[in-house]
Undergrad: 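This structure is in structure tokens; I'll ask about it shortly.
Keep in mind that the numbers below use all heavy atoms, side chains included, and drop hydrogens, waters and symmetry copies. Proteins come first, then strands; the chains are lettered A, B, ... in the order of their sequence lines, and each starts at number 1.
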Number of protein chains: 4
Amino acid sequence: MKQSKPKYKQIIDAAVEVIAENGYHSSQVSKIAKRAGVADGTIYLYFKNKEDILVSLFQEKMGQFIEKIQGETTARQTPSEKLYILIETHFDLLSKDYHLAVVTQLELRQSNKDLRLKINSVLKKYLDVIDGIVEEGIREEVFRENINRKLVRQMIFGTIDEVVTNWVMKEQHYDINKQAEDVHELIIEGLLKKK
Amino acid sequence: MKQSKPKYKQIIDAAVEVIAENGYHSSQVSKIAKRAGVADGTIYLYFKNKEDILVSLFQEKMGQFIEKIQGETTARQTPSEKLYILIETHFDLLSKDYHLAVVTQLELRQSNKDLRLKINSVLKKYLDVIDGIVEEGIREEVFRENINRKLVRQMIFGTIDEVVTNWVMKEQHYDINKQAEDVHELIIEGLLKKK
Amino acid sequence: MKQSKPKYKQIIDAAVEVIAENGYHSSQVSKIAKRAGVADGTIYLYFKNKEDILVSLFQEKMGQFIEKIQGETTARQTPSEKLYILIETHFDLLSKDYHLAVVTQLELRQSNKDLRLKINSVLKKYLDVIDGIVEEGIREEVFRENINRKLVRQMIFGTIDEVVTNWVMKEQHYDINKQAEDVHELIIEGLLKKK
Amino acid sequence: MKQSKPKYKQIIDAAVEVIAENGYHSSQVSKIAKRAGVADGTIYLYFKNKEDILVSLFQEKMGQFIEKIQGETTARQTPSEKLYILIETHFDLLSKDYHLAVVTQLELRQSNKDLRLKINSVLKKYLDVIDGIVEEGIREEVFRENINRKLVRQMIFGTIDEVVTNWVMKEQHYDINKQAEDVHELIIEGLLKKK
DNA sequence: GATGAATGAGTATTCATTCAT
DNA sequence: AATGAATGAATACTCATTCAT
């Protein structure tokens, strides 16, 4: 029993575990409460409702996630390096916390529209980091100037997300960290052979 | 409402409409039946259970979708052209059927693991088309030879999927068809400015 | 396919089979129709509703049953002999038709009050045969004169019924015919040791 | 209606009433809950499912029933007296609780095979009491030594059961307690006139 | 007479949330 | 703050019966 942690974090950690193990639809509030070592009713002293647990979970975990990525990227010089470290950190953080990866890549996507809108607003900050790198790359004339910024962001995020999802669904049978370089090169260089 | 369409298609079309309008979790069988103009029980003469409606819906609609894309791509000469027409057709087909786009990009992802596995097996054929184009591009030495084929496929699909999802969530306030060229160029040329 | 038999009997025989094999609650009209080799709707040309199949089944089968027993008993001289042949014939007929025994002893008792009232009215004739034997026994001063006739009938029927039910539930692992003599003696002589 | 009784008993008593009044098949869980003065969901805090209410009902009520009969019979000296008090107590207990009699004699027999097996295992204890009396009677050379013990038990139980069922179906228009003596004599003495 | 596609009423059970203690 | 017993809304599926052909 994690009695030392404040109950708020205790419940969120329990939720990640329970959802990763049982799947989104089999993760009843009572199951999360039991795992957290509190009574069902106690949940409602810390969260407005069940959806609020999930949103908070995402905020809490993604908050740290994004902070880390922000820190790493600002520490790099060039936009390309920044993009690389973003991809690497993204893969690294999730590969270290498989439960969280399952929850964010698979289980939380089963939520309804409302919840997903809230999740997207949390994601916004992450997308801002990507936008910043792209913007910088164009400004510094490292990236092509005539690209559609929003599309680029969607390509970068879509690619990373799809790669992680495939890794999670394959139940981590390979090392995703090793793919950071390839993914980075693919995004930077594109598909075409240069003469 | 008596329709001339066979009941099977009638029910699937009703399901697409109802799910697009009400969301996955508010789409009761009785609501679908009502929209299709049949009795609740009639649903079960054509489908094993509720999940079977969704799987069939996806098979039916994605079947046509993939066939169309297969047809268009084989009609083109170069891998690059094939990739372009794949992206264009993908955007075109979904932009013409917003209900279907909502269902495939948002609502059907709320389904449970079992359903998603079945959906993935339908999707497999689409991924095969992409794989074929990539393979051809490498063989013909148009695409770089040292790329990771699976990663490329994930980049292509991840990018297209993310672009469509963003378009759907923005409630079609812009013309996605116009983005086909940019997306294609991004994938082919990459981010980097060529000297 | 029993095409030669008239459909009425065909359906009743199918019902006995289906109920014996699947149990009362898993014996849908459609299952009976299929076994009888007719369409579902055809059932309703010969029977008012599902309950009517069951009542008719019981009437038809018990009709023959009672006739046989009436015939056998009248052919005997003394009330005691008549009682014996009644028991023996009862056991004999059911041991020869296990399906019917299962249906009458176990499955049909799961029916609701209404159906059971109708079944009881069919049974009335059988009880009349017993009553006749008891009456004759008393009149001829073979049976004790101060007995309660109705109670005697209930004892006789209750005993026979319980013995048969036990036999059916043991899935015919012993020969019930061999018990006719003992049952008869028990009823006639009672439990008490005579000095 | 707030009752002082613990909810478990409250629900069981409500079930007896509702089933006796409406019949087995018209006794929905919600009807039982309403009668018990609890919410539908509360039922499932005390019982696994609907069938479990019925099994528990039978165990609870028959448990007391059998205990009472065991107590009464052991307090008597001779096997014949024991048999008499068993019959009398059986009639007495059911005649005092007509609802329970309706449920055990008529409604609970409509249950499916599974439920009936569980009911039979409860009944086993009652049959053991009868077996004990028969055994003792033979050992003490009061009952005939050459009787088939199992058949005797079937006769005794079958007779009592049939008598009670007839009484219940006649809707208690006569006093069943007055029949205890006659039933006892019939079983002990048999049908035959002694010279 | 015969068919069988279509009907639609009916119900056990789960689980997020509340609130008296 | 914490509890956990109690609540009650919400829904997929079956199957006896009908009736147009």
Undergrad: Just to confirm, is there a sub-4.0 Å distance from OP1 or OP2 of dA6(F) to any side-chain nitrogen or oxygen of K7(D)?
TA: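 For dA6(F), OP1/OP2 do have a side-chain N/O of K7(D) under 4.0 Å.
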Undergrad: Whole angstrom is fine here: how far is it from CG in N112(A) over to P in dA16(E)?
TA: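 Checked: the CG to P distance equals 13 Å.
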Undergrad: Just how far, in rounded Å, is C1' of dC15(E) from NZ of K34(A)?
TA: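 Nearest whole value for this atom pair: 15 Å.
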Undergrad: Tell me: NE2 of H25(A) to P of dA16(E), nearest whole Å?
TA: 11 Å
Undergrad: Using the test side chain to side chain donor-acceptor pair (under 3.5 Å), find all partners of Q64(C) that sit at least two apart in sequence or belong to another chain.
TA: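 Counting only residues at least two positions away or on another chain, Q64(C) forms no side chain to side chain donor-acceptor pair (under 3.5 Å).
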Undergrad: Could you work out, with side chain to side chain donor-acceptor pair (under 3.5 Å) as the rule, every residue matching K125(A), not counting sequence neighbours?
TA: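 Not a single residue meets the side chain to side chain donor-acceptor pair (under 3.5 Å) criterion with K125(A).
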Undergrad: Could you tell me the separation between the CG atom of L45(D) and the P atom of dT14(E), rounded to a whole number of Å?
TA: 11 Å
Undergrad: For L117(C), enumerate each residue passing the side-chain contact (heavy atoms from CB on, under 4.5 Å) test, keeping only those at least two apart in sequence or located in another chain.
TA: none
Undergrad: What residues, two or more places apart in sequence or in another chain, satisfy ring pair (Phe, Tyr, Trp, His ring centres under 6.0 Å) together with Y44(C)?
TA: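 Testing Y44(C) for ring pair (Phe, Tyr, Trp, His ring centres under 6.0 Å), a comparison that skips the adjacent residues, returns none.
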Undergrad: Using a 4.0 Å heavy-atom cut-off across all strands, classify Y46(B) as base, sugar-phosphate, or nothing.
TA: sugar-phosphate
Undergrad: Show which side-chain atoms of residues 13-27 of chain D pair as donor or acceptor with protein atoms under 3.5 Å away, not counting sequence neighbours.
TA:
residue, atom, partner, partner atom, Å
D13(D), OD1, K61(D), NZ, 3.1
D13(D), OD2, K5(D), NZ, 2.7
E17(D), OE1, R35(D), NH1, 2.7
E21(D), OE1, R35(D), NH2, 2.8
E21(D), OE2, R35(D), NH1, 3.4
N22(D), ND2, V18(D), O, 2.8
H25(D), ND1, Q110(D), OE1, 3.0
S27(D), OG, G23(D), O, 2.7

Undergrad: If you find the nucleotide of DNA chain F closest to I43(D) and the one closest to S30(C), which residue's nucleotide is nearer the 5' end?
TA: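 Closer to the 5' end of DNA chain F: I43(D).
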Undergrad: Under the ring pair (Phe, Tyr, Trp, His ring centres under 6.0 Å) test, which residues partner F47(C), sequence neighbours left out?
TA: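 So F47(C) forms a ring pair (Phe, Tyr, Trp, His ring centres under 6.0 Å) with Y8(C).
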Undergrad: Once side chain to side chain donor-acceptor pair (under 3.5 Å) is applied, do any residues pair with T42(A), and if so which ones, sequence neighbours excluded?
TA: none
Undergrad: To the nearest 0.5 Å, tell me how far I11(A) CD1 sits from L57(A) CG.
TA: 11.5 Å
Undergrad: Please report, rounded to the nearest Å, how far the P atom of dT14(E) is from the OH atom of Y24(A).
TA: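 Whole-Å distance recorded here is 19 Å.
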Undergrad: Of all the nucleotides listed (dT13(E), dA12(F), dT17(F)), which has the minimum atom distance to the side chain of Y44(D)?
TA: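 The answer is dT13(E).
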Undergrad: Restricting to nitrogen or oxygen on both sides, can you table the protein-nucleotides 8-10 of chain F pairs closer than 3.5 Å?
TA:
residue, atom, partner, partner atom, Å
dG8(F), N7, G41(D), N, 3.1

Undergrad: Can you check the F47(A) CZ to dT18(E) C1' distance for me, whole Å?
TA: 18 Å
Undergrad: Rounded to the nearest 0.5 Å, what separates atom OG1 in T104(A) from atom CD1 in I119(A)?
TA: 9.5 Å
Undergrad: Going by the salt bridge (charged side-chain N to carboxylate O under 4.0 Å, His left out) test, which pairs reach into residues 36-49 of chain D, not counting sequence neighbours?
TA: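 Of all non-adjacent pairs touching residues 36-49 of chain D, none passes salt bridge (charged side-chain N to carboxylate O under 4.0 Å, His left out).
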Undergrad: For E51(B), which residues count as a side chain to side chain donor-acceptor pair (under 3.5 Å) partner, sequence neighbours excluded?
TA: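 Residues passing side chain to side chain donor-acceptor pair (under 3.5 Å) with E51(B): K118(B).
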Undergrad: Let's test your reading of the pairing rules: Watson-Crick or G-U wobble, both distances under 3.5 Å, then write DNA chain F as a dot-bracket string with ( ), [ ], | and dots.
TA: .||||||||||||||||||||
Undergrad: Can you measure N22(C) atom CG to dC15(F) atom C1' for me and round it to whole angstrom units?
TA: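 Roughly 15 Å, once rounded to whole Å.
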Undergrad: Which residues, if any, of residues 48-55 of chain D bring a heavy atom under 4.0 Å of DNA chain E?
TA: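 Going residue by residue through residues 48-55 of chain D, the ones with a heavy atom under 4.0 Å of DNA chain E turn out to be N49(D), K50(D).
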